[in-house]
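First the structure, in the form of structure tokens, and then the observations on it.
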Amino acid sequence: MNKADTIAAISTPLGEGGIGIVRLSGPDAYRITLELFECIRSTEMSFPEPRRLYHGYIRNQEGLRIDEVLTAFMPAPHTYTREDVVEINCHSGIMTLRIILKLALESGARLAEPGEYTKRAFINGRIDLSQAEAVMNIVRARSEEAVQVASRALQGELTDKIEQIRDDLLAARAPLEAWFDYPDEHEEGAPGKDQIKAELEQLQKKVSEILQGVERNRAYQEGVSVAIIGKPNVGKSSLLNALLRQQRAIVHELPGTTRDMLEGFMSLGGYPIRLVDTAGIQGTDDPVEKEGIERSRLAANQARMLIMVIDGSTPLDEADNEITMLRKQNQGLVIVVNKKDLEKRVPLEDLEKIHEDAEIIETAAIKGEGISLLEDAVTRQLDTLLGSNSESPAIVSLRHEEILTETLKYIDSAMLALETHPLELVSLELQNAWNKLGEITGETVSEALLDKIFSEFCLGK
Ligand SMILES: Nc1nc2c(ncn2[C@@H]2O[C@H](COP(=O)(O)OP(=O)(O)O)[C@@H](O)[C@H]2O)c(=O)[nH]1
Ligand SMILES: [Mg+2]
């Protein structure tokens, strides 16, 4: 990346719409824009004043007016990239936007790489790397909670926590290093192991706490998958339809109607949920149905939690019990006793005895009864599974998780070294931890990794 470059890109989605924005950033942003822009009232001496919208036209090389626009000039350093930035608000038509971009490129701008504006914001010190990643997560968020999590990261919440821990790591190392360098000046002898041990324990605790928030935040960001399982004809597809409030799946009195998996998306308690309707699990000779059942098992295996449906109007049998066995350890479970509009043949007490930690809800899926109770139960299960520890800062990326896990390993090694090795090794492990953690904020990160991170951004961001 050449900082002397001026970059340009279309910063709004390409399509027909009210307004589309071509954004320029860099030392030539003003010059290039002024070559293209015919301002209607540019007679003022101070034109262009910072952060004012100017009404005018973009003209091509022949002087032909291409579009009527509003243009804002924002001088460095108080801009997104900390460089001179110009935003040209034009009519959002695919061709208008492309032509204006082309004119900017012909006047000397270079097409921005994906994420290059944000990368410049990072390189010019406006935000750190975790904040830059938060920008991407805001753009990609699929639920309100995901937006909030990312927004907290953008405001520097994670940065603050990480910097705190890095400071603590330095503080823990300082007496060790002082001792190595000037042992003569320390009449009282080597730093006390108990003191260091206490500090290391604190550090372990702080890093672990951040890691705890990981799964929950990831659920907000990427969603959780919930599989509806049960015997044929118990009302799984009806339940999917009732939850999605649309006739997504075919419901039929014939068993084996759902032969393949169907999925739908909904949001519960802020979690984006991928709801999977599966083929009823039962013994069969039909090869298509068999394949469907295999897929049901796979879906059940991959789901974060299960909604197991039972037909409340027929007594439980061996097949119901077998399906229960599909539940894995740590998998959430809500049992739905469906068809409550019919005479009840399944005593709830029996189910409660077998599934102590599951919630049991009665529904009449075809009438939409009990659905909101079911939604509450699913939300509660997810809250429990994912830990409602909202105190922990927003960790949303796998990258952060890996770094924190590595950091924890270094601190663990330091702890081990404290017992068995010379103190030099303790200090070395702490330094490793400090370096590792710096990769989150971007202080100790390689150019190649930066390129990789920013290349995942969308164009124009
Ligand atoms: N009475 C009654 N019938 C239901 C209810 N839910 C589903 N059914 C019926 O049960 C049959 C099977 O439903 P379906 O949703 O296809 O079950 P699936 O095979 O588990 O997906 C259909 O005839 C539905 O109309 C319910 O709550 N009450
Ligand atoms: Mg079905």
Side-chain angles (χ1 to χ4, degrees), residues 225-266 268 273-303 305-327 331-348 350-351 354-355 358-378:
S225 119
V226 176
I228 306 179
I229 58 167
K231 284 191 306 188
N233 241 13
V234 293
K236 297 180 298 300
S237 297
S238 308
L239 206 64
L240 176 90
N241 290 342
L243 284 166
L244 298 178
R245 293 180 175 65
Q246 67 181 58
Q247 297 305 312
R248 181 84 175 75
I250 300 173
V251 170
H252 203 280
E253 59 195 18
L254 274 178
T257 306
T258 313
R259 292 174 160 220
D260 201 355
M261 291 193 318
L262 260 180
E263 59 179 31
F265 294 88
M266 61 187 295
L268 277 185
I273 288 181
R274 176 168 161 261
L275 199 58
V276 188
D277 180 22
T278 63
I281 297 174
Q282 65 172 357
T284 177
D285 292 330
D286 178 335
V288 180
E289 210 179 334
K290 260 197 178 139
E291 177 63 29
I293 292 171
E294 248 338 284
R295 290 185 190 187
S296 301
R297 289 181 188 278
L298 198 67
N301 187 43
Q302 289 171 346
M305 75 169 278
L306 302 174
I307 297 179
M308 183 184 159
V309 189
I310 289 166
D311 181 345
S313 69
T314 55
L316 287 178
D317 60 19
E318 207 29 56
D320 288 306
N321 292 335
E322 265 175 40
I323 290 165
T324 319
M325 302 300 196
L326 289 179
R327 182 191 186 190
Q331 211 169 22
L333 175 67
V334 173
I335 298 178
V336 170
V337 181
N338 191 34
K339 307 197 186 181
K340 77 180 174 106
D341 51 312
L342 304 178
E343 192 191 337
K344 183 143 88 185
R345 310 279 286 278
V346 176
L348 295 190
D350 291 2
L351 289 170
I354 318 173
H355 305 284
E359 297 218 31
I360 301 173
I361 305 288
E362 290 182 281
T363 61
I366 46 165
K367 299 187 169 173
E369 284 172 26
I371 299 302
S372 58
L373 288 178
L374 171 59
E375 290 175 345
D376 294 346
V378 171

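Whatever order the structure lists them in is the order used to number ligands and atoms, beginning at 1. Hydrogens, waters and symmetry mates play no part in the numbers below; they use all other heavy atoms, side chains included.
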Judged by atom type as modelled, is there a donor-acceptor pair below 3.5 Å linking the side chain of [X] to the main-chain atoms of [Y]?
{"X": "Arg245", "Y": "Leu243", "result": "yes"}
{"X": "Gln331", "Y": "Ala303", "result": "yes"}
{"X": "Thr363", "Y": "Gly370", "result": "no"}

About how many Å separate [atom2] of [Y] and [atom1] of [X], when rounded to the nearest 0.5 Å?
{"X": "Ile281", "Y": "Leu326", "atom1": "CD1", "atom2": "CG", "result": "5.0 Å"}
{"X": "Asn338", "Y": "Ile361", "atom1": "CG", "atom2": "CD1", "result": "12.5 Å"}
{"X": "Met266", "Y": "Glu375", "atom1": "CE", "atom2": "CD", "result": "4.5 Å"}

* For ligand 1, the portion of Leu342 having any non-hydrogen atom under 4.0 Å away ->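 It is the side chain that gets close, since no backbone atom is under 4.0 Å.
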
* To do: Determine whether the side chain, the backbone, both or neither of Asp277 has a heavy atom under 4.0 Å from any heavy atom of ligand 1.
  =>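 Contact part for Asp277 vs ligand 1: neither.
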
* Could you pull out, from Lys339, Lys340, Lys231, the option with a heavy atom nearest to atom 9 (C) of ligand 1? =>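 Looking at heavy atoms only, Lys339 sits closest to atom 9 (C) of ligand 1.
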
* Would you tell me which option among Ile228, Leu240, Asp341 has the nearest heavy-atom contact to atom 28 (N) of ligand 1? =>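 Heavy atom nearest to atom 28 (N) of ligand 1 belongs to Asp341.
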
Taking only heavy atoms of [X] into account, list the atoms of ligand 1 that are under 4.0 Å away from them.
{"X": "Ser237", "result": "15 (O), 18 (P), 21 (O)"}
{"X": "Lys236", "result": "15 (O), 17 (O), 18 (P), 19 (O), 20 (O), 21 (O)"}
{"X": "Gly235", "result": "7 (C), 13 (O), 14 (P), 15 (O), 17 (O), 18 (P), 20 (O)"}
{"X": "Ala364", "result": "27 (O)"}
{"X": "Ser238", "result": "6 (N), 7 (C), 13 (O), 14 (P), 15 (O)"}

Could you give the side-chain donor-acceptor pairs of residues 309-318 under 3.5 Å, partners two or more places apart or in another chain?
from	atom 1	to	atom 2	distance (Å)
Asp311	OD1	Ser313	N	2.8
Asp311	OD1	Ser313	OG	2.6
Asp311	OD2	Lys339	NZ	3.4
Asp317	OD1	Lys231	NZ	3.2
Asp317	OD1	Ala319	N	3.1
Asp317	OD1	Asp320	N	3.1
Asp317	OD2	Lys231	NZ	3.0

* Would you say ligand 1 has an N or O under 3.5 Å from any N or O of Thr363? ->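 Thr363 vs ligand 1: no N/O contact under 3.5 Å.
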
* Is Val234 in polar range of ligand 1, meaning some N or O pair under 3.5 Å apart? ->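 N/O-N/O distance below 3.5 Å exists for this pair.
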
* Asked: Which pairs pass salt bridge (charged side-chain N to carboxylate O under 4.0 Å, His left out) with one or both residues in residues 365-374, sequence neighbours excluded?
  ->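 For residues 365-374: Lys340-Glu369.
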
* Asked: Quick check: does Thr278 put an N/O/S atom under 2.8 Å from the Mg ion (ligand 2)?
  ->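 No N, O or S atom of Thr278 is closer than 2.8 Å to the Mg ion (ligand 2), so no.
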
